[in-house]
Colleague: 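Pasting in a structure now, in structure tokens, and then I'll have a few things to ask.
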2 protein chains.
Amino acid sequence: MNLSLDDIRQKFRDCGLKSTPQRASIYQALVNSTAHPTAEDLFAQVSPTYPMLSLNTVYYTLTVLGSAGLVQEVNIGHDRARYDANLSPHHHVICQGCQDIIDVMDSRLDSLAPPTGLPKDFDITSYQVAFRGYCGSCRQSQSPNKGC
Amino acid sequence: MNLSLDDIRQKFRDCGLKSTPQRASIYQALVNSTAHPTAEDLFAQVSPTYPMLSLNTVYYTLTVLGSAGLVQEVNIGHDRARYDANLSPHHHVICQGCQDIIDVMDSRLDSLAPPTGLPKDFDITSYQVAFRGYCGSCRQSQSPNKGC
DNA sequence: TCCTGTTTAGGAATGATTACTATGTAGCAA
DNA sequence: TTGCTACATAGTAATCATTCCTAAACAGGA
Ligand SMILES: [Mn+2]
Ligand SMILES: [Mn+2]
Ligand SMILES: [Zn+2]
Ligand SMILES: [Zn+2]
């Protein structure tokens, strides 16, 4: 992507969000990344430019951008939240060794038929496919189940 | 399902796991549920029968059963882990209001083509589809995005 | 029955996230 | 341009799920 700070300020205005240097930097770091960073990752990346930045602000910013629809959480486990500013429909491959998350953009996955057998009053708004496995460097360490 | 405690002791033996009353009760509560409970839920359910039960033991048991392949984690957010002893291939619908998780068994979802564009040394071992939306009772409270 | 490695209970520790709050500032209007 | 006000920030403290640690209990095999 590589959005400039000016592009970002414009986008914030369009969305009715206040534009602050911290907020713009955090969003820029996220939108220009494909690594699905944690809040801490973003904090570490932006900190050098804004030494006063608080990790708290990163969390607050992510929830604000989240409820504006500019950022989504990606859950690969219950441990820590990972964030994604890639709004085009896509899916994820997760390495169970290093926890890396790779984007999958495969249009065949974007029009799955709605699932059968649901309560009829259930309103599905979106879905995502999560593939799991092991990346090249984690393959050998892939531990088999003990019993069974 | 409705497995008896004897069935469960047998299954543990088959898997090479020690059978203790606590362990069997925890697994029984989980395997006979479709609610994808948390560790705390299981603790609350088993506690009346085993007043000395420790929440710690629930966590330990779940990791043991997990590495034996009898139990899987279902992640619907980064907040708390939900557990599932339903080993038949299936998918989930998650209500974003009440966090309920409903099983989806739709065989059309069980043979998706492997995704394109991955590093060739990536080894996919499984995948799951997570549908999100709002159940009947949570529908009205479904809050729209602020900006954008 | 005895032995040994696993399991349990309980308490303490960890670590990500949230809550609280005083100060700062963006955006708007006079 | 200036001043106002609501929102944003930083720092600290609190929360809470999960993990760590350890002594005692115990399951399963010899
Ligand atoms: Mn992504
Ligand atoms: Mn399930
Ligand atoms: Zn890996
Ligand atoms: Zn609901």
Side-chain angles (χ1 to χ4, degrees), chain A residues 5-6 8-27 36-44 46-68 70-71 73-83 99 146-147, chain B residues 5-6 8-27 36-44 46-68 70-71 73-83 99 146-147:
Chain A
L5 284 175
D6 278 346
I8 288 168
R9 294 178 60 82
Q10 183 59 48
K11 179 176 280 217
F12 284 174
R13 254 177 260 127
D14 296 345
C15 294
L17 296 172
K18 278 195 185 176
S19 175
T20 69
Q22 294 96 327
R23 183 172 286 185
S25 295
I26 291 165
Y27 181 68
H36 310 86
T38 64
E40 195 95 38
D41 292 335
L42 292 167
F43 177 69
V46 176
S47 268
T49 324
Y50 292 94
M52 303 304 287
L53 182 70
S54 158
L55 176 57
N56 215 335
T57 300
V58 178
Y59 278 107
Y60 179 74
T61 299
L62 289 168
T63 63
V64 169
L65 298 180
S67 52
L70 290 177
V71 165
E73 286 192 19
V74 181
N75 306 118
I76 64 168
H78 59 282
D79 48 345
R80 50 234 296 258
R82 307 273 295 252
Y83 298 89
Q99 314 281 86
K146 275 179 209 159
Chain B
L5 283 174
D6 277 346
I8 288 167
R9 291 177 63 81
Q10 183 58 49
K11 179 177 278 217
F12 284 173
R13 254 177 260 125
D14 294 346
C15 294
L17 297 172
K18 280 197 183 176
S19 176
T20 70
Q22 294 95 328
R23 183 172 286 185
S25 295
I26 291 164
Y27 181 67
H36 308 86
T38 64
E40 196 95 37
D41 292 335
L42 293 167
F43 176 70
V46 176
S47 268
T49 323
Y50 293 93
M52 302 305 287
L53 182 70
S54 158
L55 176 57
N56 215 333
T57 301
V58 178
Y59 278 108
Y60 179 74
T61 298
L62 289 168
T63 62
V64 169
L65 298 180
S67 53
L70 290 178
V71 165
E73 285 192 20
V74 181
N75 305 119
I76 65 167
H78 60 285
D79 46 349
R80 51 231 298 255
R82 308 274 295 253
Y83 297 89
Q99 314 281 87
K146 276 178 205 158

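None of these values were measured; they are calculated from a predicted model. Protein chains get the first letters and strands the later ones, always in sequence-line order, with residue 1 at the start of each.
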Colleague: Report the distance from atom CD1 of B:Ile8 to atom P of D:dA27, rounded to the nearest whole Å.
Modeller: 17 Å
Colleague: Does D:dA8 have OP1 or OP2 sitting under 4.0 Å from an N or O in the side chain of A:Arg23?
Modeller: yes
Colleague: Nearest whole angstrom, please: distance from the C1' of D:dA6 to the CG of A:Leu17.
Modeller: 15 Å
Colleague: Would you kindly give the CG-to-P distance between B:Leu62 and D:dA17, to the nearest whole Å?
Modeller: 15 Å
Colleague: Rounded to whole Å, how long is the line connecting atom NE2 of B:His78 with atom C1' of D:dC16?
Modeller: 12 Å
Colleague: I need the OH-C1' distance between A:Tyr60 and D:dA6, as an integer number of Å.
Modeller: 10 Å
Colleague: Under 4.0 Å from OP1 or OP2 of D:dA8: is there any side-chain N or O of A:Thr20 that close?
Modeller: no
Colleague: Can you measure B:Arg82 atom CZ to D:dT18 atom P for me and round it to whole angstrom units?
Modeller: 11 Å
Colleague: Please figure out whether B:Lys18 or B:Asn56 has its closest DNA chain C nucleotide nearer the 5' end.
Modeller: B:Lys18
Colleague: Using side-chain heavy atoms (C-beta onward) and a distance below 4.5 Å, is B:Leu70 in contact with B:Leu17?
Modeller: yes
Colleague: For A:Thr61 and A:Arg23, which I'm curious about, is there any donor-acceptor pair between the side chains at under 3.5 Å?
Modeller: no
Colleague: Between B:Asp6 and B:Gln10, does any side-chain donor sit less than 3.5 Å from a side-chain acceptor?
Modeller: no
Colleague: Does A:Arg82 reach the main-chain N or O of A:Pro37 with its side chain, forming a donor-acceptor pair under 3.5 Å?
Modeller: no
Colleague: Which residue lies toward the 5' end of DNA chain D, B:Tyr83 or B:Arg9, if each is placed at its nearest nucleotide?
Modeller: B:Tyr83
Colleague: Taking only N and O in the side chain of B:Gln22, is any of them less than 4.0 Å away from OP1 or OP2 of D:dC26?
Modeller: no
Colleague: Once you apply a heavy-atom cut-off of 4.0 Å, does A:Thr38 come out as touching a base, just sugar-phosphate, or nothing?
Modeller: nothing
Colleague: Heavy atoms of chain B, cut-off under 4.0 Å: which first and last nucleotide of DNA chain C, 5' to 3', fall inside that, if you could look?
Modeller: C:dG5 to C:dT17
Colleague: Could you state the atom-to-atom distance from CG of A:Leu53 to P of D:dG11 in whole Å?
Modeller: 9 Å
Colleague: Using atom CG of B:Asp79 as one end and atom P of D:dC16 as the other, report the distance to the nearest whole Å.
Modeller: 13 Å
